[in-house]
Amino acid sequence: MAKQPDRTDPILEVSDLDCFYGDLQVIRQVCFKVLDGDVVALFGPNGHGKSTLLKTIGGIHPTANGSVRFRGQDITQAPVEQRVEMGLVYIPEDKNLFLDMSVLENLCMGAFNKRARKHLATGLQFVFSLFPRLAERKSQSAMTLSGGEARMLAIGRGMMSRAALLMIDEPSIGLSPLLKKTVFEAIRQIHSNSEASILVVEQEVDYPLKLAKRIYLLSKGRIVLEKQAGEINKAQIEKAYF
Ligand SMILES: Nc1ncnc2c1ncn2[C@@H]1O[C@H](COP(=O)(O)OP(=O)(O)OP(=O)(O)O)[C@@H](O)[C@H]1O
Ligand SMILES: [Mg+2]
(Lines give C-alpha, C1' and ligand atoms only; values in the text may rest on other atoms or scores of the structure.)
(Ligands and ions follow the chains in the order given, each with its own letter.)
Protein backbone atom coordinates (compact mmCIF):
# COMPACT_ATOMS: atom_id res chain seq x y z
CA MET A 1 0.00 0.00 0.00
CA ALA A 2 1.27 3.51 -0.86
CA LYS A 3 2.61 5.52 2.05
CA GLN A 4 0.24 8.30 3.07
CA PRO A 5 2.00 11.70 3.19
CA ASP A 6 2.84 12.65 6.75
CA ARG A 7 1.90 16.31 7.06
CA THR A 8 4.68 16.89 9.58
CA ASP A 9 7.35 15.92 7.01
CA PRO A 10 9.13 18.86 5.38
CA ILE A 11 8.74 18.92 1.59
CA LEU A 12 11.50 21.55 1.48
CA GLU A 13 14.41 22.03 3.86
CA VAL A 14 16.89 24.83 3.32
CA SER A 15 19.97 24.75 5.56
CA ASP A 16 22.70 27.35 6.08
CA LEU A 17 22.34 28.73 2.58
CA ASP A 18 24.77 31.38 1.32
CA CYS A 19 24.48 32.99 -2.14
CA PHE A 20 26.56 35.59 -3.92
CA TYR A 21 26.57 37.76 -7.03
CA GLY A 22 30.32 38.03 -7.59
CA ASP A 23 31.71 39.25 -4.26
CA LEU A 24 28.34 40.52 -3.04
CA GLN A 25 26.77 38.15 -0.52
CA VAL A 26 22.98 38.36 -0.84
CA ILE A 27 21.81 35.31 1.16
CA ARG A 28 23.37 34.62 4.56
CA GLN A 29 23.05 31.38 6.50
CA VAL A 30 19.39 31.00 5.60
CA CYS A 31 17.54 28.08 7.21
CA PHE A 32 13.83 27.40 6.84
CA LYS A 33 11.41 24.68 5.87
CA VAL A 34 8.04 24.12 4.26
CA LEU A 35 5.98 21.25 5.66
CA ASP A 36 4.18 19.03 3.18
CA GLY A 37 0.82 20.58 2.28
CA ASP A 38 1.47 23.95 3.93
CA VAL A 39 1.37 27.48 2.58
CA VAL A 40 4.39 29.49 3.74
CA ALA A 41 4.80 33.23 3.24
CA LEU A 42 8.19 34.89 3.03
CA PHE A 43 8.11 38.66 3.42
CA GLY A 44 10.89 41.20 3.10
CA PRO A 45 11.78 44.65 1.80
CA ASN A 46 13.01 45.41 -1.75
CA GLY A 47 16.43 44.14 -2.62
CA HIS A 48 16.91 42.00 0.49
CA GLY A 49 17.28 38.69 -1.37
CA LYS A 50 13.79 37.17 -1.66
CA SER A 51 13.97 36.46 -5.40
CA THR A 52 17.57 35.28 -5.14
CA LEU A 53 16.51 32.79 -2.46
CA LEU A 54 13.70 31.37 -4.64
CA LYS A 55 15.98 31.25 -7.70
CA THR A 56 18.55 29.33 -5.71
CA ILE A 57 15.98 26.83 -4.45
CA GLY A 58 14.72 26.50 -8.03
CA GLY A 59 18.26 25.82 -9.32
CA ILE A 60 18.50 28.98 -11.43
CA HIS A 61 21.11 30.62 -9.20
CA PRO A 62 24.03 28.60 -7.73
CA THR A 63 24.40 27.82 -4.03
CA ALA A 64 27.71 28.90 -2.51
CA ASN A 65 27.30 27.08 0.82
CA GLY A 66 24.58 25.10 2.52
CA SER A 67 22.00 22.68 1.20
CA VAL A 68 18.52 22.35 -0.27
CA ARG A 69 16.56 19.15 0.34
CA PHE A 70 13.32 18.40 -1.48
CA ARG A 71 11.14 15.46 -0.43
CA GLY A 72 14.08 14.22 1.60
CA GLN A 73 16.54 14.28 -1.31
CA ASP A 74 19.57 16.58 -1.50
CA ILE A 75 19.04 18.66 -4.66
CA THR A 76 21.63 21.37 -3.94
CA GLN A 77 23.48 20.61 -7.19
CA ALA A 78 20.54 19.33 -9.25
CA PRO A 79 19.75 21.09 -12.56
CA VAL A 80 16.50 23.05 -12.94
CA GLU A 81 14.86 20.40 -15.17
CA GLN A 82 15.42 17.67 -12.57
CA ARG A 83 13.85 19.86 -9.87
CA VAL A 84 10.81 20.50 -12.10
CA GLU A 85 10.46 16.77 -12.83
CA MET A 86 10.50 16.17 -9.07
CA GLY A 87 7.69 18.71 -8.62
CA LEU A 88 9.57 21.83 -7.51
CA VAL A 89 8.40 24.73 -9.65
CA TYR A 90 9.32 28.42 -9.53
CA ILE A 91 7.08 31.17 -10.92
CA PRO A 92 9.33 34.21 -11.34
CA GLU A 93 8.46 37.79 -10.57
CA ASP A 94 9.20 38.88 -14.15
CA LYS A 95 6.68 36.34 -15.57
CA ASN A 96 9.14 34.95 -18.11
CA LEU A 97 6.47 34.08 -20.70
CA PHE A 98 7.08 32.83 -24.24
CA LEU A 99 6.05 36.08 -25.88
CA ASP A 100 5.84 34.76 -29.45
CA MET A 101 3.44 32.00 -28.37
CA SER A 102 -0.28 32.09 -27.64
CA VAL A 103 -1.85 31.85 -24.19
CA LEU A 104 -2.74 28.20 -24.83
CA GLU A 105 0.77 27.34 -26.06
CA ASN A 106 2.29 28.97 -22.97
CA LEU A 107 0.03 26.89 -20.73
CA CYS A 108 0.94 23.70 -22.61
CA MET A 109 4.64 24.50 -22.14
CA GLY A 110 3.97 24.47 -18.39
CA ALA A 111 2.88 20.84 -18.67
CA PHE A 112 6.00 19.79 -20.56
CA ASN A 113 7.42 17.62 -17.78
CA LYS A 114 6.60 13.88 -17.77
CA ARG A 115 4.35 13.98 -14.69
CA ALA A 116 2.21 16.82 -16.00
CA ARG A 117 1.91 15.85 -19.67
CA LYS A 118 -0.71 13.17 -19.15
CA HIS A 119 -2.92 15.56 -17.18
CA LEU A 120 -2.86 18.33 -19.81
CA ALA A 121 -6.62 18.47 -20.41
CA THR A 122 -7.63 18.54 -16.72
CA GLY A 123 -4.86 21.06 -16.04
CA LEU A 124 -6.20 23.40 -18.73
CA GLN A 125 -9.72 23.00 -17.43
CA PHE A 126 -8.61 23.95 -13.91
CA VAL A 127 -6.60 26.99 -15.06
CA PHE A 128 -9.47 28.24 -17.24
CA SER A 129 -11.94 27.79 -14.38
CA LEU A 130 -9.73 29.92 -12.11
CA PHE A 131 -8.94 32.50 -14.78
CA PRO A 132 -11.82 32.69 -17.30
CA ARG A 133 -10.04 35.67 -18.86
CA LEU A 134 -7.30 33.31 -20.09
CA ALA A 135 -9.91 31.03 -21.68
CA GLU A 136 -11.32 34.01 -23.58
CA ARG A 137 -7.83 34.88 -24.77
CA LYS A 138 -6.38 31.44 -25.38
CA SER A 139 -5.49 32.12 -29.03
CA GLN A 140 -4.07 35.57 -28.32
CA SER A 141 -0.31 36.14 -28.38
CA ALA A 142 1.24 36.40 -24.89
CA MET A 143 2.98 39.58 -26.09
CA THR A 144 -0.34 41.43 -26.33
CA LEU A 145 -1.67 40.58 -22.85
CA SER A 146 -2.19 43.27 -20.22
CA GLY A 147 0.03 43.17 -17.12
CA GLY A 148 -2.67 41.49 -15.04
CA GLU A 149 -3.45 38.90 -17.74
CA ALA A 150 0.26 38.13 -18.16
CA ARG A 151 0.54 37.52 -14.41
CA MET A 152 -2.47 35.17 -14.52
CA LEU A 153 -0.81 33.33 -17.39
CA ALA A 154 2.48 32.99 -15.47
CA ILE A 155 0.63 31.53 -12.47
CA GLY A 156 -1.53 29.35 -14.72
CA ARG A 157 1.55 28.01 -16.50
CA GLY A 158 3.11 27.17 -13.13
CA MET A 159 -0.06 25.34 -12.15
CA MET A 160 0.05 23.24 -15.33
CA SER A 161 3.28 21.67 -14.10
CA ARG A 162 1.46 19.77 -11.31
CA ALA A 163 3.98 21.00 -8.80
CA ALA A 164 4.28 19.41 -5.38
CA LEU A 165 5.77 22.72 -4.23
CA LEU A 166 4.95 25.89 -6.10
CA MET A 167 7.22 28.87 -5.34
CA ILE A 168 5.52 32.09 -6.40
CA ASP A 169 7.51 35.32 -6.50
CA GLU A 170 5.39 38.43 -5.78
CA PRO A 171 2.21 37.30 -7.53
CA SER A 172 0.38 40.55 -6.80
CA ILE A 173 3.04 43.02 -7.89
CA GLY A 174 1.61 45.81 -10.04
CA LEU A 175 -1.96 44.47 -9.96
CA SER A 176 -5.17 46.37 -9.23
CA PRO A 177 -6.89 45.58 -5.88
CA LEU A 178 -9.47 43.46 -7.71
CA LEU A 179 -6.87 41.42 -9.59
CA LYS A 180 -4.84 40.93 -6.41
CA LYS A 181 -7.91 39.38 -4.86
CA THR A 182 -8.44 37.15 -7.94
CA VAL A 183 -4.82 35.99 -7.90
CA PHE A 184 -4.81 35.12 -4.20
CA GLU A 185 -8.17 33.37 -4.52
CA ALA A 186 -6.59 31.30 -7.31
CA ILE A 187 -3.62 30.47 -5.08
CA ARG A 188 -6.03 29.41 -2.32
CA GLN A 189 -7.82 27.12 -4.76
CA ILE A 190 -4.58 25.65 -6.12
CA HIS A 191 -3.72 24.76 -2.55
CA SER A 192 -7.08 23.25 -1.64
CA ASN A 193 -7.68 21.45 -4.97
CA SER A 194 -4.24 20.06 -5.72
CA GLU A 195 -2.78 19.72 -2.20
CA ALA A 196 0.36 21.40 -3.50
CA SER A 197 2.55 23.08 -0.93
CA ILE A 198 3.07 26.76 -1.66
CA LEU A 199 5.90 29.14 -0.85
CA VAL A 200 4.83 32.68 -1.65
CA VAL A 201 7.15 35.69 -1.56
CA GLU A 202 5.45 39.05 -1.12
CA GLN A 203 5.70 42.62 0.04
CA GLU A 204 1.92 42.86 0.19
CA VAL A 205 1.06 41.42 3.62
CA ASP A 206 -2.76 41.14 3.82
CA TYR A 207 -3.59 38.23 1.50
CA PRO A 208 -0.59 35.97 2.17
CA LEU A 209 -1.17 36.39 5.90
CA LYS A 210 -4.68 34.97 5.48
CA LEU A 211 -3.41 31.95 3.54
CA ALA A 212 -0.13 31.07 5.18
CA LYS A 213 0.41 28.66 8.03
CA ARG A 214 3.95 29.81 8.64
CA ILE A 215 5.57 33.22 8.17
CA TYR A 216 9.22 34.13 7.60
CA LEU A 217 10.78 37.54 7.27
CA LEU A 218 13.97 38.01 5.27
CA SER A 219 16.06 41.09 5.99
CA LYS A 220 19.48 41.81 4.49
CA GLY A 221 19.68 38.20 3.34
CA ARG A 222 18.94 36.69 6.76
CA ILE A 223 15.81 35.12 8.22
CA VAL A 224 15.09 37.50 11.10
CA LEU A 225 11.65 36.29 12.11
CA GLU A 226 9.78 32.98 12.04
CA LYS A 227 6.21 32.62 13.30
CA GLN A 228 3.16 30.42 13.03
CA ALA A 229 0.20 32.25 11.48
CA GLY A 230 -1.85 33.71 14.31
CA GLU A 231 1.26 34.54 16.31
CA ILE A 232 1.83 37.74 14.34
CA ASN A 233 -0.32 40.42 12.71
CA LYS A 234 0.13 42.76 9.75
CA ALA A 235 1.34 45.71 11.84
CA GLN A 236 4.02 43.58 13.52
CA ILE A 237 5.27 42.29 10.16
CA GLU A 238 5.41 45.77 8.66
CA LYS A 239 7.19 47.09 11.74
CA ALA A 240 9.77 44.32 11.42
CA TYR A 241 10.50 45.49 7.84
CA PHE A 242 12.21 48.53 9.27
N1 LIG B 1 21.98 39.36 -11.45
C2 LIG B 1 22.40 40.12 -10.43
N3 LIG B 1 23.67 40.60 -10.40
C4 LIG B 1 24.10 41.35 -9.37
N5 LIG B 1 23.37 41.69 -8.30
C6 LIG B 1 22.10 41.23 -8.28
C7 LIG B 1 21.55 40.44 -9.34
N8 LIG B 1 20.27 40.15 -9.04
C9 LIG B 1 20.02 40.74 -7.85
N10 LIG B 1 21.11 41.39 -7.39
C11 LIG B 1 21.23 42.14 -6.12
O12 LIG B 1 20.98 41.23 -5.06
C13 LIG B 1 20.20 41.85 -4.06
C14 LIG B 1 18.96 41.01 -3.80
O15 LIG B 1 18.14 41.04 -4.95
P16 LIG B 1 16.77 40.24 -5.04
O17 LIG B 1 16.24 40.42 -6.42
O18 LIG B 1 16.99 38.87 -4.55
O19 LIG B 1 15.89 41.04 -3.97
P20 LIG B 1 14.33 40.99 -3.66
O21 LIG B 1 14.20 40.86 -2.17
O22 LIG B 1 13.67 39.96 -4.50
O23 LIG B 1 13.85 42.45 -4.11
P24 LIG B 1 12.43 42.92 -4.73
O25 LIG B 1 11.48 42.99 -3.57
O26 LIG B 1 12.74 44.29 -5.24
O27 LIG B 1 12.02 41.96 -5.79
C28 LIG B 1 19.92 43.27 -4.54
O29 LIG B 1 20.81 44.13 -3.91
C30 LIG B 1 20.17 43.20 -6.03
O31 LIG B 1 20.63 44.44 -6.51
MG1 LIG C 1 12.24 40.03 -5.98
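Remember, it's 1-based here, ligands and their atoms both numbered in the order they're listed.
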Min over V26, T52, I27 of heavy-atom distance to atom 16 (P) of ligand 1 lands on T52
Suppose I only count heavy atoms of E170 and a 4.0 Å limit; which atoms of ligand 1 are within that range?
24 (P), 25 (O), 27 (O)
With the 4.5 Å side-chain cut-off for hydrophobic clustering, are F131 and L211 part of the same group?
yes
Taking atom 1 (N) of ligand 1 as the reference point, the nearest protein heavy atom with its distance
Y21 CE2, 3.6 Å
Name the closest protein heavy atom to atom 17 (O) of ligand 1, giving the residue it belongs to and the distance to 0.1 Å.
S51 CB, 3.7 Å
Tell me whether ligand 1 is touched by K55 - counting only heavy atoms on the residue side and a distance under 4.0 Å.
no
How far is atom 26 (O) of ligand 1 from its nearest protein heavy atom, and which residue and atom name does that atom have?
N46 ND2, 2.9 Å
Main-chain N/O of F112 paired to R117 side chain as donor or acceptor, under 3.5 Å:
yes
Do D169 and S51 have a side chain donor and acceptor closer than 3.5 Å?
yes
Nearest-contact summary for atom 25 (O) of ligand 1 - protein heavy atom, Å:
K50 NZ, 2.6 Å
Looking only at side chains, do E202 and S172 share a donor and an acceptor under 3.5 Å apart?
yes
Which of parallel (below 30°), tilted (30 to 60°) and perpendicular (above 60°) describes H61 and Y21?
tilted
Show me which atoms of ligand 1 lie under 4.0 Å from any heavy atom of E93.
27 (O)
Could you tell me, atom by atom, which parts of ligand 1 come under 4.0 Å of a heavy atom of P45?
21 (O)
Joint hydrophobic cluster, L175 plus I190, side-chain heavy atoms closer than 4.5 Å:
yes
Who pairs with R71 by side chain to side chain donor-acceptor pair (under 3.5 Å), at least two apart in sequence or on another chain?
none
Run through I11, L166, I57 and flag the one making a side chain to side chain contact (heavy atoms under 4.5 Å, CB included) with L88.
I57
Would you mind listing the cluster partners of M109? Hydrophobic ones only (ILVMFWY), side-chain contacts under 4.5 Å, chaining allowed.
F98, M101
Looking only at non-hydrogen atoms, which of C19, G221, G47, G49 approaches atom 29 (O) of ligand 1 most closely?
G47
What count do you get for protein N/O/S atoms less than 2.8 Å from the Mg ion (ligand 2)?
2
Got a sec, which pairs hit side-chain hydrogen bond (donor to acceptor under 3.5 Å, both in side chains) with one end in residues 75-84, sequence neighbours left out?
D74-T76
How many angstroms lie between atom CZ of F43 and atom CD1 of I237, to the nearest 0.5 angstrom?
4.5 Å
